[in-house]
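Beneath this line is the structure, given in structure tokens, with notes to follow.
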Amino acid sequence: MSVALTFVLVTTVLGAYAYYRNLEGDIPREPIDPGASRPPETGALNVLLVGSDSRDGDNRKYGATSVGKGERTDTIMMLHISPNRDKATMISFPRDSMVVIPECKGRNGAVLPGGIRQINSAFNDGGINCTVKTLEALTNIKINHFVKVDFTGFKGIIDAIGGIEICLPKPVNDPKAKLVLGAGRHVVNGEQALGYVRTRYALGDGSDLSRIQRQQVFLNQVLEKVTDGGLLTDPIKLNGFLQAAVQAVTVDDGLTLDRMLDIANSVKGLTAKELKGITVPVESYPTDKNRVQFSQPAAGNFFESVRNDDEVTASPTPGKSAAPKIENEQVRVQVLNATGETGKAIQVADELAAQGFAVIEVGNAPATETTAIRYAKKDEQDGQAYADAVAGRLSKDKRTPVAGKVKPLNTQPYTSKAAKVPEGPIVQLVIGKDWPGVRVVSAIPDSLKDKVVDNTTDPCL
């Protein structure tokens with residue numbers, strides 16, 4: 001997925017040049033048309049990446065007997081970039097997953113009936129639009145764009161950026177993946193890199209899940225080299241990358257140069273440390289030990305977390321300098337339940353405490369329709385900034401904090417989970433009947449944190 005993200009990032013530098021606009025015209029494009037019923041926009045950016053194993057043209061060397069027999073994919077990933085463009089989650093869908101595929105139009109134009117099939121058959125039989133329709137049905141996440149990369153294109157991109165360092169825990173001799181290397185660290189070129197991300201049985205436990213983890217580590221290395229390795233400031237390397245990328249990818253017709261520039265400008269501060277890789281939670285498929293199915297409720301909870309990752313940072317008012325940022329750990333909070341729903345204050349207090357706030361009291365307040373964030377009038381000088389930190393963690397439209405507190409009906413101490421209870425204003429959160437909920441901090445739930453692949457993951461898998 002870093003290949004797709006890199007392709008977008010570099011347009012920030014070269015987008016204004018006329019020759020690049022000519023280059024853009026050489027990129028193959030296909031429309032995204034999965035049907036009228038689609039998930040809503042959330043402000044996030046979701047880009048689908050599929051790796052095509054077509055053996056046509058220069059890919060013939062990877063299986064001459066498959067020339068002219070279409071294309072399949074062993075790689076299905078979705079890059080989710082949060083609405084404020086400060087976090088990226090690379091989600092992998094195991095190719096062996098048995099899922100419900102909706103009715104789709106096949107590659108030959110015929111209607112493919114819906115049913116339970118292996119997830120990569122959506123691409124094999126119905127192409128990119130059936131894949132988009134399937135993933136949107138499974139996740140309720142709208143896919144904005146797609147990038148398809150084939151074998152030869154992948155190699156060209158890796159060669160253009162000067163290779164990538166990998167680490168092998170043992171010697172590998174895999175004729176199918178065309179990879180022969182000794183144990184230890186190596187800087188691999190395009191051909192070797194392709195073998196590394198394709199090999200399955202020669203490394204790890206031989207499963208597709210193990211291979212996915214290596215692919216995520218590898219792609220994180222690609223992004224790190226691109227953002228920290230000087231590619232964006234070296235015109236010769238940059239041009240080589242762009243020439244290779246144009247030959248490597250097929251994209252949707254909405255991913256125009258201007259759209260790429262918009263995306264690039266919004267994510268140009270994103271580096272490898274903000275990229276997290278995660279595989280959809282799966283478990284064994286009961287009727288076939290060689291297949292898996294999405295593990296519930298873990299997979300459903302994960303998709304919900306991705307959909308709710310809608311944190312947006314407000315821009316400062318023009319002509320007015322931004323106030324110093326108040327961190328969650330600096331804010332003491334009193335949570336009052338004004339909904340009449342038993343236990344609501346404790347529930348919300350726990351959610352805020354999990355995000356670092358120093359919750360000190362919970363209680364009840366007179367019933368109200370509207371949720372409010374309040375601070376004492378005596379704290380007007382800095383109470384607004386502390387209250388804004390709480391307001392920023394509520395879902396939906398940001399609420400403006402109000403000076404002046406309400407009198408609670410009753411209160412009781414809340415055992416703060418903060419390492420040290422801070423000083424400063426106490427913010428009062430009054431939960432009304434329109435309670436919007438607390439925003440999630442990350443697209444990856446705590447239950448899956450140990451499955452994350454990022455720039456700190458040991459590359460010697």
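The shortest heavy-atom contact between Thr75 and Gln215 is OG1-NE2, 3.6 Å. The two residues Ala298 and Pro281 have their closest heavy-atom pair at CB-CB, 3.9 Å. When all heavy atoms of Phe154 and Ala193 are compared, the pair lying nearest together is CE2-C, 3.9 Å. Counting all heavy atoms, side chain and backbone alike, Pro401 lies closest to Gln384 at CD-NE2, 3.5 Å. Shortest non-hydrogen contact noted between Glu136 and Arg38 is OE2-NH2, 2.5 Å. In terms of heavy-atom proximity, Val180 sits nearest to Asn173 at CG2-OD1, 3.5 Å.
Judged purely by atom type and a 3.5 angstrom limit, Gln330 uses its side chain to pair as donor or acceptor with the backbone of Glu327. For the pair Asn144 (side chain) and Asn46 (backbone), a donor-acceptor distance under 3.5 Å is present. Side chain of Arg211 to main chain of Arg198: a donor-acceptor pair is present (N/O by atom type, distance under 3.5 Å, no hydrogens or angles). Thr339 places a side-chain N or O within donor-acceptor distance of the main-chain N or O of Glu341, the cut-off being under 3.5 Å. The closest donor-acceptor contact from the side chain of Ser210 to the backbone of Gly206 lies at 3.5 Å or more, if one exists at all. Checked by atom type and distance alone, the side chain of Asp252 pairs as donor or acceptor with a backbone atom of Phe146 at under 3.5 Å. In this structure a side-chain-to-backbone donor-acceptor pair under 3.5 Å is missing from Arg214 to Cys460. At least one donor-acceptor pair under 3.5 Å links the side chain of Arg399 to the backbone N or O of Thr371. The closest donor-acceptor contact from the side chain of Asp159 to the backbone of Gly190 lies under 3.5 Å. The closest donor-acceptor contact from the side chain of Ser121 to the backbone of Arg117 lies at 3.5 Å or more, if one exists at all.
Here Asp150 contributes atom CG and Thr73 contributes atom OG1; the two are 11.5 Å apart, rounded to the nearest 0.5 Å. Interatomic distance, Tyr196 OH to His186 NE2, rounded to the nearest 0.5 Å: 10.5 Å. The structure places CD of Glu165 at 7.0 Å from CD of Gln221, a figure rounded to the nearest 0.5 Å. Taking CD from Gln118 and OH from Tyr285, the interatomic distance works out to 10.5 Å, rounded to the nearest 0.5 Å. Distance check, rounded to the nearest 0.5 Å: CD1 of Ile346 to CD of Glu351 gives 12.0 Å. In this structure, Ile119 CD1 and Ile76 CD1 are separated by 5.0 Å, a value rounded to the nearest 0.5 Å.
For Gln296, the CD atom is densely surrounded, since the number of other residues' heavy atoms within 6.0 Å is greater than 12.
In this structure the side chain of Lys133 never reaches within 4.5 angstrom of the side chain of Ile101, judged on heavy atoms. The shortest side-chain heavy-atom distance between Val362 and Leu336 does not fall under the 4.5 Å cut-off. By the 4.5 Å heavy-atom criterion applied to side chains, Asn140 and Phe303 are not counted as neighbours. Phe302 has its side chain out of reach of Thr279: every pair of non-hydrogen atoms, C-beta onward, lies at least 4.5 Å apart. Contact annotation: the side chain of Val147 never approaches that of Leu48 to less than 4.5 Å [non-hydrogen atoms, C-beta and beyond]. In this structure the side chain of Glu361 never reaches within 4.5 angstrom of the side chain of Val333, judged on heavy atoms. Counting heavy atoms from C-beta on, the side chains of Ile164 and Phe218 come closer than 4.5 Å. Within the 4.5 Å cutoff, the side chain of Thr139 has heavy atoms near those of the Phe93 side chain.
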Q: Decide yes or no on salt bridge (charged side-chain N to carboxylate O under 4.0 Å, His left out) for Glu30 and Lys148, but give the supporting numbers first.
A: CA-CA 10 Å; Glu30 298 178 21; Lys148 180 174 70 175; 3.5 Å; yes

**Q.** Chi angles and distances behind the side-chain contact (heavy atoms from CB on, under 4.5 Å) call for Met90, Ile278
**A.** CA-CA 6 Å; Met90 186 166 57; Ile278 189 75; over 6 Å; no

Q) Passes side-chain contact (heavy atoms from CB on, under 4.5 Å), Ile128 versus Ile32? Steps please. A) CA-CA 8 Å; Ile128 198 69; Ile32 290 183; 6.0 Å; no

Q.
Applying salt bridge (charged side-chain N to carboxylate O under 4.0 Å, His left out) to Arg200 and Asp96, what does each step give before you reach the verdict?
A. CA-CA 13 Å; Arg200 176 168 179 174; Asp96 295 332; 3.0 Å; yes

Q | From CA spacing to verdict: side-chain contact (heavy atoms from CB on, under 4.5 Å), Val149, Val50 | A | CA-CA 7 Å; Val149 183; Val50 294; over 6 Å; no

Q) Yes or no on side-chain contact (heavy atoms from CB on, under 4.5 Å) for Val427 and Ile373, after CA distance, side-chain angles and deciding distance? A) CA-CA 7 Å; Val427 176; Ile373 304 98; 3.5 Å; yes

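Judged by the 6.0 Å and 45° rule, Arg107 forms a cation-pi pair with Phe123.
Residues Asn189 and Glu191 bring no donor and acceptor atom of their side chains to less than 3.5 Å of each other. At a cut-off of 3.5 Å, with distance as the only test, no side-chain donor of Ser97 or Gln293 sits close to an acceptor on the other residue.
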